[in-house]
Asks: 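Once you've had a glance at the structure underneath, I'll fire off some questions.
Keep in mind the model is a prediction, meaning the values are calculated, not measured.
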Amino acid sequence: MTTSPPPAPPASGRGVFETGLKGLCPRCGAKTLFEGLANFAPKCRACQLDLSAFNVGDGPAAFLTLIVGALVTGLAIALELTVEPPFWVHILLWVPITAAAVIGTLRVAKGMLISAEYRNSAREGRVRDE
């Protein structure tokens, strides 16, 4: 496994949210974080930061599913108690809204998490042999 150089301080004024929202490299700020819709590039084309060394896993998707699910559930209950629409209206309304919200925010969440990992020098845990 290749190692990345030690983190450099981020450019002033660039926060984790902005980095994730714009898909910026956490080290140099170039728009090189993503290669596809939500796939990370293997490395930054500008500063050569090894992005494959970071592991965001399924955390962003799991958190977004829980957060969006809670919001949609609350909205669906409010709609049911106020308007009492037929069940098919709920399905036609909430399934696409939930899917769009999770998929639409996944890229931002993944970018924010990789930026936070970089800033905090987070690495995989190791067990010391004694």
Asks: Measure the shortest side-chain to side-chain distance between Ile114 and Thr19 over non-hydrogen atoms and say whether it is less than 4.5 angstrom.
Replies: no

Asks: How many angstroms lie between atom CG of Leu92 and atom CD1 of Ile97, to the nearest 0.5 angstrom?
Replies: 10.5 Å

Asks: Tell me whether Leu24 shares a hydrophobic cluster with Phe40, the cluster being built from Ile, Leu, Val, Met, Phe, Trp, Tyr side chains joined at under 4.5 Å.
Replies: no

Asks: Taking transitive links into account, so neighbours of neighbours count too, which hydrophobic residues share a cluster with Ile91 at under 4.5 Å side-chain distance?
Replies: Phe87, Val95

Asks: Contact between Cys44 and Arg27 at the side-chain level, heavy atoms closer than 4.5 Å - yes or no?
Replies: no

Asks: Going by side chain to side chain donor-acceptor pair (under 3.5 Å), name the pairs with one or both residues in residues 56-75, residues two or more places apart or in two chains.
Replies: none

Asks: Would you say the side chain of Lys43 lies within less than 4.5 Å of the side chain of Ser52, judging by non-hydrogen atoms?
Replies: no

Asks: Please answer whether the main-chain N or O of Val56 pairs with a side-chain N or O of Lys110 as donor and acceptor at a distance below 3.5 Å.
Replies: no

Asks: Treating Asn120 as the side-chain partner and Ala116 as the backbone partner, does any N or O pair qualify as donor plus acceptor under 3.5 Å?
Replies: yes

Asks: With a 3.5 Å cut-off and sequence neighbours excluded, list the donor-acceptor pairs that the side chains of residues 98-108 form with protein atoms.
Replies:
residue: Thr98; atom: OG1; partner: Trp94; partner atom: O; Å: 2.7
residue: Thr105; atom: OG1; partner: Ala101; partner atom: O; Å: 2.6
residue: Thr105; atom: OG1; partner: Val102; partner atom: O; Å: 3.4
residue: Arg107; atom: NH1; partner: Gly36; partner atom: O; Å: 2.8
residue: Arg107; atom: NH1; partner: Leu37; partner atom: O; Å: 3.0

Asks: When rounded to the nearest 0.5 angstrom, what distance separates NE2 in His90 from CD in Glu80?
Replies: 4.0 Å

Asks: Taking the side chain as every heavy atom from C-beta outward, state whether Arg119 and Val16 have any atom pair closer than 4.5 Å.
Replies: yes

Asks: Can you find a pair of side-chain heavy atoms, one from Cys25 and one from Leu49, that are under 4.5 Å apart?
Replies: yes

Asks: Is Leu21 reachable from Leu33 through a run of hydrophobic residues whose side-chain heavy atoms are each under 4.5 Å from the next?
Replies: no

Asks: Strictly distance-based, threshold 3.5 Å: is any side-chain N or O of Glu84 a donor or acceptor partner for the main-chain N or O of Leu81?
Replies: no

Asks: Are Leu113 and Phe63 in one and the same hydrophobic cluster, where Ile, Leu, Val, Met, Phe, Trp and Tyr link if side-chain heavy atoms are under 4.5 Å apart?
Replies: no

Asks: Are Met112 and Pro60 packed together at the side-chain level, in the sense that at least one heavy-atom pair is separated by less than 4.5 angstrom?
Replies: no

Asks: Quick one: does Cys47's side chain get under 4.5 Å of Thr32's, heavy atoms only?
Replies: no

